[in-house]
Amino acid sequence: MEHDGVVRLPHDEGVHLSPLEWWYFNGHLATVDGRTFSYHFVTFQSALSSGLAPRVVQLSWSDHGEDLHLTAEQATVSTTESSSGHFDLPTNDWRMSGDGDSYELSFQLENYVVELEANSEKPAVLHHGGGLVDLGIAGKTYYYSRTDLTTSGTISISGIPNSVAGTSWMDHQWGDFTIANIGWDWLSLNLDDGSDLMVSVVWEQEDGADIATYGTYIPPDSSPVHLPSDDISLEPTGIWTSPKTGGVYPMGWTLGIDSLALELAMVPAIEESEFAISEIIPVVYWEGSVAAAGSKNGAAVSGNGFVEMVGYVHFDLSTLPTPPAQP
């Protein structure tokens, strides 16, 4: 299907033959007895002229009660095949699949084995109105989200199964763009008034100059609203220095959206949420759960979400190794 700058669903739920594509999930989960967890699970895939499609999957898992943050990665190579309306991306013993209505996620690391089903409760959100985002020197990307996924499943901890329920968020991006010279601060929030919010601040890695600041507000019962740069303020309230990489990250934020009369303070669940283990993609980033509280139009509002920060540790994408093909 040819694109004219607009995401076409359900077709675009599938796999595109793009230089760069990713499917990203984050979520918050709880057991009946009140144990809480969060996760991020993302598949990156590239379609090469050789007919091969290297695939890298990255995972972080937080056990909030144990103040534990774990990260892991798997990689494989498949052949380049597009699909329409659905995707199924097995990578060794991990898997993500879905068709826009429901998604299945499965992964394991250390003594946690996770099986989840996530069902979309709202229509897809096409960012920038039609789903095409201009990132200046980085190129253009198609980008949509499913912001409210009712999630349930099982977490087995040291072989003991626990039923869990919660909410997840899904992003899908693809196109002929690069992340080589840029950094970004990105956040997703699910608020207790039923609204959702995405904000992205993209900047040049060399000098920090702004490239694109934008957001999308999703009211509980009406159409998404595009938020331009002059409507958004995102300011750090502290810093955190990584003991692994020496990267210095903002840590804790105040978020303001003028048009919504929204003011939120966001606090990370676990500060040490850096992803710095990749042997395939030399990109170090911070990805973690946050709690938000503040006011909107004079009424108290709270919620939770995720923050992602890329570009605070220099990376070089000039030479990327190809993950080995699996037997």
Side-chain angles (χ1 to χ4, degrees), residues 22 24-28 36-44 56-75 107 109-112 138 169 171 178-189 198-211 213 234-255 264-292 304-321 323:
W22 66 67
Y24 162 98
F25 292 83
N26 71 47
H28 294 83
T36 57
F37 309 88
S38 60
Y39 75 93
H40 114 274
F41 188 38
V42 56
T43 295
F44 300 97
V56 178
V57 186
Q58 296 183 337
L59 167 68
S60 65
W61 176 258
S62 293
D63 185 329
H64 294 194
E66 299 294 326
D67 195 31
L68 177 67
H69 182 77
L70 303 172
T71 57
E73 175 182 72
Q74 294 203 30
F107 51 82
L109 72 171
E110 297 196 7
N111 61 326
Y112 298 88
W169 177 293
D171 274 359
T178 178
I179 64 173
N181 300 310
I182 64 173
W184 63 85
D185 303 280
W186 173 92
L187 64 90
S188 63
L189 291 173
M198 185 284 297
V199 169
S200 182
V201 180
V202 185
W203 36 273
E204 293 190 31
Q205 195 174 36
E206 182 177 353
D207 58 10
D210 181 74
I211 295 175
T213 296
L234 182 64
E235 299 295 336
T237 57
I239 61 171
W240 175 76
T241 301
S242 167
K244 295 179 181 177
T245 66
V248 179
Y249 296 86
M251 197 58 57
W253 305 263
T254 57
L255 172 66
L264 291 174
M266 297 187 299
V267 179
I270 298 175
E271 287 193 350
E272 195 161 343
S273 295
E274 188 181 45
F275 195 102
I277 66 163
S278 180
E279 296 181 356
I280 305 297
I281 304 174
V283 178
V284 174
Y285 58 95
W286 192 98
E287 183 93 32
S289 168
V290 296
N304 57 29
F306 260 71
V307 165
E308 179 177 278
M309 296 180 286
V310 179
Y312 292 90
V313 176
H314 180 75
F315 54 86
D316 182 4
L317 296 179
S318 60
T319 57
L320 284 175

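- The minimum heavy-atom distance between Gly305 and His28, with the atom names listed, is O-CE1, 3.2 Å.
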query = Are Phe25 and Asp171 close enough, and set up right, to give a side-chain contact (heavy atoms from CB on, under 4.5 Å), and what steps lead you there?
reply = CA-CA 6 Å; Phe25 292 83; Asp171 274 359; over 6 Å; no
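- In this structure, the separation between CD1 on Ile179 and CD on Gln205 is 9.5 Å, given to the nearest 0.5 Å.
- Rounding to the nearest 0.5 Å gives a distance of 8.0 Å between CG of Leu59 and OG1 of Thr71.
- Ring pair Trp169/Phe41: centre-to-centre distance not below 6.0 Å.
- Taking 4.5 Å as the limit, some side-chain heavy atom of Val42 sits within range of a side-chain heavy atom of Gln58.
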request  = Would you check, one step at a time, whether the test ring pair (Phe, Tyr, Trp, His ring centres under 6.0 Å) holds for Tyr24 with Trp186?
outcome  = CA-CA 13 Å; Tyr24 162 98; Trp186 173 92; 5.4 Å; yes
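- In this structure, Phe107 and Tyr39 have tilted ring planes: the angle between them lies in the 30° to 60° band.
- Between Val202 and Asp210, the closest heavy-atom pair is O-OD1, 3.7 Å.
- Closest non-hydrogen pair, Leu187 versus Val307, comes out as CB-CG2, 4.0 Å.
- Proximity of Thr43 to Val56: side-chain heavy atoms (C-beta onward) are nowhere separated by under 4.5 Å.
- Listed by chain and number, the residues in a ring-ring contact (aromatic ring centres under 6.0 Å, His included) with Phe37 are Trp61 (sequence neighbours excluded).
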Side chains of residues 244-254: which donor-acceptor partners sit under 3.5 Å, not counting sequence neighbours?
{"residue": "Thr245", "atom": "OG1", "partner": "Ser242", "partner atom": "OG", "Å": "3.3"}
{"residue": "Thr245", "atom": "OG1", "partner": "Gly247", "partner atom": "N", "Å": "3.2"}
{"residue": "Thr245", "atom": "OG1", "partner": "Glu274", "partner atom": "OE2", "Å": "2.8"}
{"residue": "Tyr249", "atom": "OH", "partner": "Glu274", "partner atom": "OE2", "Å": "2.6"}

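- With rounding to the nearest 0.5 Å, the separation of CG in Leu109 from CD in Gln74 is 10.0 Å.
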key: Stepwise side-chain contact (heavy atoms from CB on, under 4.5 Å) test for Val199 and Leu255   = CA-CA 9 Å; Val199 169; Leu255 172 66; 4.3 Å; yes
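- The shortest distance between side-chain heavy atoms of Ile270 and Asp67 falls below 4.5 Å.
- Between the side chains of Asn26 and Ser38, no donor-acceptor pair is found at a separation under 3.5 Å.
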request  = Start with the C-alpha distance between Glu204 and Ile182, add both sets of side-chain angles, then the distance that settles side-chain contact (heavy atoms from CB on, under 4.5 Å), and finish with yes or no.
outcome  = CA-CA 5 Å; Glu204 293 190 31; Ile182 64 173; 5.7 Å; no
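- For the pair His64 and Ser289, the tightest heavy-atom approach, listed with the atom from each and the gap, is CE1-OG, 3.8 Å.
- When all heavy atoms of Glu73 and Ile277 are compared, the pair lying nearest together is N-CD1, 4.1 Å.
- Residues Ser60 and Glu287 approach most closely at OG-O, 4.3 Å, considering heavy atoms.
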request  = Begin from the C-alpha positions of Tyr312 and Asp185 and carry the test side-chain contact (heavy atoms from CB on, under 4.5 Å) through to its verdict.
outcome  = CA-CA 10 Å; Tyr312 292 90; Asp185 303 280; 2.7 Å; yes
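- Taking 4.5 Å as the limit, every side-chain heavy atom of Met309 sits out of range of all side-chain heavy atoms of Trp184.
- Leu189 is not listed as a side-chain neighbour of Asn304, based on a closest heavy-atom distance of 4.5 Å or more.
- When each of Trp22, Tyr285, Phe306 is paired with His40, the ring pair (Phe, Tyr, Trp, His ring centres under 6.0 Å) condition holds for Tyr285 and for no other.
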